There are 2 protein chains.
Amino acid sequence: MTQSPRQAAPRAQAQRRREPSGVTLRHVAAAAGVSVATASRAFSRPEKVDPSTRARILRLADDLRYVPNRAAQALITGRTMALGLMVPDLTNPFFPGVIKGAQARARDRGLSLLIADTDEDPGAELALVGQLAQRTDAIVLCSSRMPDDDLDRAARLCPVVLVNREHPGVPAVTFDSDAGVREAAVHLRALGHRRVGYVGGPAHSFSDAARAACLHAEFPAHGLEVVLLGNHDPSFEGGRRAADVVLSSDVTAVMVHNDVMALGLIGRLLDYGLDIPRELSVIGWDDIEFAGMFTPGLTTVRMPREEAGRAAVAYLEAALGGRPSEPPRLETRLVFRQTTAREHQRRPG
Amino acid sequence: MTQSPRQAAPRAQAQRRREPSGVTLRHVAAAAGVSVATASRAFSRPEKVDPSTRARILRLADDLRYVPNRAAQALITGRTMALGLMVPDLTNPFFPGVIKGAQARARDRGLSLLIADTDEDPGAELALVGQLAQRTDAIVLCSSRMPDDDLDRAARLCPVVLVNREHPGVPAVTFDSDAGVREAAVHLRALGHRRVGYVGGPAHSFSDAARAACLHAEFPAHGLEVVLLGNHDPSFEGGRRAADVVLSSDVTAVMVHNDVMALGLIGRLLDYGLDIPRELSVIGWDDIEFAGMFTPGLTTVRMPREEAGRAAVAYLEAALGGRPSEPPRLETRLVFRQTTAREHQRRPG
DNA sequence: ACATCTTGTGCACACGATTGCATGCCAGGT
DNA sequence: ACCTGGCATGCAATCGTGTGCACAAGATGT
């Protein structure tokens with residue numbers, strides 16, 4: 001008998017808190033009369049095991065209700081099969097849209113999605129990325145407000161893809177506002193408008209800068225003058241507060257940084273007794289579900305947000321799989337509803 | 001020299017795809033001149049290691065940017081430190097609210113939150129629970145539409161807490177509609193209403209049944225007759241479609257299964273030229289953010305949904321920690337806005 | 001008949017952390 | 001001097017899976 005120095009120590013086998021279904025590969029292997037290695041390969045390297053034994057193993061696994069232990073897989077494999085997704089505020093309907101798309105795609109591929117809400121606190125984002133990175137293979141940063149160098153650090157921490165923000169060296173799913181804005185321009189021009197205001201979002205928001213830039217690039221070419229009406233909180237209240245600035249300007253139409261703000265603005269103007277859209281045309285941004293539910297329905301630039309979510313995880317899948325790819329630039333379109341109408345001088349407010 | 005039969009086999013140490021920060025406990029231990037065991041204890045059993053060595057270990061860990069490998073911890077510990085949260089539809093603002101609360105609480109406790117959206121498919125829920133269960137310690141089932149026996153199976157799969165649904169033997173964070181509904185009753189009665197309709201949600205929805213039951217329990221006591229106006233899709237469109245039923249009934253006020261439906265209903269009635277609330281008072285359910293953003297502002301029964309999310313994870317924490325507790329029953333309140341007014345016979349529609 | 005390749009399987013190690021047990025050390029009681 | 005006991009630490013096993021390597025048996029080529 002060959003001496004075997006191993007196996008000497010008696011196995012204490014402490015009583016541990018175990019998962020409900022304590023069925024492991026070992027059990028399946030034993031039942032099938034094969035080694036754990038073969039059982040493992042039956043799942044992950046199908047071509048390396050005899051079809052009949054494989055079938056037997058799979059059937060037994062099923063009978064025993066075997067479910068692989070993801071932690072063990074993650075440990076040996078180095079891949080958690082989970083992705084992270086960070087958003088500034090779940091309460092803004094734009095983000096659940098992105099999540100929905102991301103989650104659907106992830107689920108299709110057997111990936112899980114961890115959600116983090118930063119509560120609009122740019123300072124907390126980097127730390128949160130750190131936390132997420134421990135449990136995921138890669139992260140989607142949606143409309144991140146992080147300072148540029150935090151972003152650099154984050155990208156070094158773990159594979160990252162941005163949505164609705166751009167930063168050199170970091171892949172990003174972006175929205176091409178041009179098409180939507182151009183449509184808005186011809187639309188407003190056709191209605192007779194000349195001077196249109198832009199009610200901006202947060203001062204250091206990337207997307208706000210992008211939107212303003214896009215306006216400046218497209219509107220003058222269509223004979224429209226754009227008037228900046230300040231930076232505001234990207235909330236309903238922010239929109240309401242912007243009402244006075246709008247009234248005291250002499251624009252006949254405004255574009256607003258996002259739909260929620262636009263709705264706040266309109267609500268406030270309605271309170272003032274203004275006739276929307278007769279006295280002021282309003283165009284929002286995002287096309288959240290509620291934009292179409294309001295009366296009057298909000299004309300707005302649609303951002304394909306579920307698609308953005310899907311594209312972001314698709315990109316990460318590819319990147320993790322070593323297949324290089326380019327995250328897409330998504331087209332926007334103007335959605336025509338009832339908050340835009342022929343230009344008409346309003347009575348002094 | 002003591003003979004050591006171990007350590008004979010040469011370590012091949014295959015080149016594996018490793019996490020970006022390849023720093024493990026072993027490195028920290030080596031740097032600190034202690035064993036991995038001590039290093040480990042420096043983190044998880046602080047009292048069992050000398051304060052000075054502990055300090056040294058922690059500092060070194062920090063310097064080396066050590067981050068513990070959650071997969072390894074999960075493997076040995078049997079705890080993933082992650083929770084799952086399943087919702088029917090992220091697009092309904094009620095659910096992001098719950099998620100926000102859950103996520104905030106989870107993050108505070110160092111837990112992660114996995115999100116699953118069932119896309120309103122009750123048949124898919126059980127399978128999704130199975131998937132989630134592999135990666136989490138416990139699951140929050142929010143407004144689950146699962147059939148009862150699926151629910152039983154799910155609960156056997158892994159620790160579960162329900163939100164906004166009840167089922168014998170399964171803990172649940174519930175909403176006590178009574179208070180809100182009672183307020184609605186006295187409110188409507190004070191405004192002179194007698195017959196109030198109920199525009200129901202999905203036929204087999206637990207919460208719809210609960211809400212209807214609550215109406216039947218409270219309204220007659222206040223001299224109000226309740227008229228059931230059918231079951232409808234819990235969406236904006238569903239609310240719009242319910243408009244005709246409402247018009248053809250002779251009620252002067254309606255309660256609607258949720259805010260989104262109420263908004264749809266109101267929008268449609270406005271289209272018909274109805275004066276809301278003069279000709280019909282409307283009360284919604286949930287108090288989603290947008291309820292207050294509409295014009296007219298929607299009077300509605302508030303559900304403290306972020307609190308529900310927090311309570312659900314708090315309950316699970318306790319349960320996993322072996323501390324038995326009872327998930328709370330949360331109070332609802334009526335939020336008075338502009339869609340309710342004195343009863344006033346409307347002109348025949 | 002023998003060399004070579006292919007195929008299917010098992011052995012054993014590795015992943016990174018936790019933890020029961022053993023051990024060595026030092027203080028204090030007798 | 002010796003025993004006792006607490007404290008700090010190390011050893012080694014363990015969690016469940018993946019995978020390189022070795023090996024046996026059968027297939028194939030000359």
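Hydrogens, waters and symmetry mates are skipped; everything else that's a heavy atom, side chains included, is used. Small disclaimer: the values here were computed from a predicted structure and weren't measured.
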Any N/O pairs under 3.5 Å between the protein and nucleotides 7-11 of chain C? List them or say none.
residue, atom, partner, partner atom, Å
C:dT9, OP1, A:Thr53, OG1, 3.3
C:dT9, OP2, A:Asp50, N, 2.8
C:dT9, OP2, A:Thr53, OG1, 3.3
C:dG10, OP2, A:Ser35, N, 2.8
C:dG10, OP2, A:Ser35, OG, 3.0
C:dG10, OP2, A:Thr38, OG1, 2.4
C:dG10, N7, A:Arg41, NH2, 2.7
C:dG10, O6, A:Arg41, NH1, 3.4
C:dG10, O6, A:Arg41, NH2, 3.1

Query raised in the report: C:dT18 phosphate, OP1 or OP2: any side-chain N/O from B:Ser40 under 4.0 angstrom?
Result: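 True: B:Ser40 side-chain N/O within range (under 4.0 Å) of C:dT18 OP1/OP2.
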Query raised in the report: Counting only side-chain N and O atoms of B:Gln73, is one of them less than 4.0 Å from OP1 or OP2 of C:dT18?
Result: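 Affirmative; the distance criterion is met.
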**Report entry** Closest-nucleotide ordering on DNA chain C, the 5'-leading residue of B:Arg45 and B:Ala72
**Finding:**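 Nearest nucleotide further toward 5': that of B:Ala72.
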Tell me: [atom1] of [X] to [atom2] of [N], nearest whole Å?
X: B:Ile76; N: C:dG20; atom1: CD1; atom2: C1'; answer: 11 Å
X: B:Arg26; N: C:dG16; atom1: CZ; atom2: P; answer: 7 Å
X: B:Ile57; N: D:dA8; atom1: CD1; atom2: P; answer: 12 Å
X: B:Arg79; N: D:dC15; atom1: CZ; atom2: P; answer: 19 Å
X: A:Asn69; N: C:dC15; atom1: CG; atom2: P; answer: 18 Å
X: B:Leu75; N: D:dA13; atom1: CG; atom2: P; answer: 17 Å
X: B:Phe43; N: C:dA17; atom1: CZ; atom2: P; answer: 9 Å

Query raised in the report: Less than 4.0 Å between a side-chain N and a carboxylate O, is that true for A:Arg165 and A:Asp148?
Result: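 Salt bridge: yes.
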Query raised in the report: Do A:Arg59 and A:Asp62 sit within salt-bridge range, that is, some charged N less than 4.0 Å from a carboxylate O?
Result: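 Looking at A:Arg59 and A:Asp62, the cut-off is not met.
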Query raised in the report: Taking the side chain of B:Tyr66 as heavy atoms from C-beta outward, which of C:dT18, C:dA17, D:dG18 is closest to it?
Result: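 Ranking C:dT18, C:dA17, D:dG18 by closest atom to the B:Tyr66 side chain puts C:dA17 first.
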Polar atom pairs between nucleotides 22-26 of chain C and protein, under 3.5 Å, N or O only, would you list them?
none

Query raised in the report: Do A:Asp108 and A:Arg105 pass the salt bridge (Lys or Arg N to Asp or Glu O under 4.0 Å) test, and can you show the C-alpha distance, the side-chain angles, and the key distance before you say yes or no?
Result: CA-CA 5 Å; A:Asp108 285 353; A:Arg105 169 92 193 204; over 6 Å; no
**Report entry** Under 3.5 Å donor-acceptor, B:Glu125 side chain and B:Arg145 backbone
**Finding:**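 Side chain of B:Glu125 to backbone of B:Arg145: a pair is present.
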Query raised in the report: Is the side chain of B:Asn92 donor-acceptor paired with the backbone N or O of B:Phe94 at a distance under 3.5 Å, no angle test?
Result: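 Yes; at least one donor-acceptor contact below 3.5 Å.
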Are the side chains of [Y] and [X] in contact, using a 4.5 Å heavy-atom criterion?
X: B:Thr91; Y: B:Asp117; answer: no
X: A:Val87; Y: A:Ser143; answer: no
X: B:Leu111; Y: B:Asp137; answer: no

Report task. Return the set of residues passing ring-ring contact (aromatic ring centres under 6.0 Å, His included) with A:Phe43 (not counting sequence neighbours), or none when no residue passes. Result ->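 Listed in chain order: A:Tyr66.
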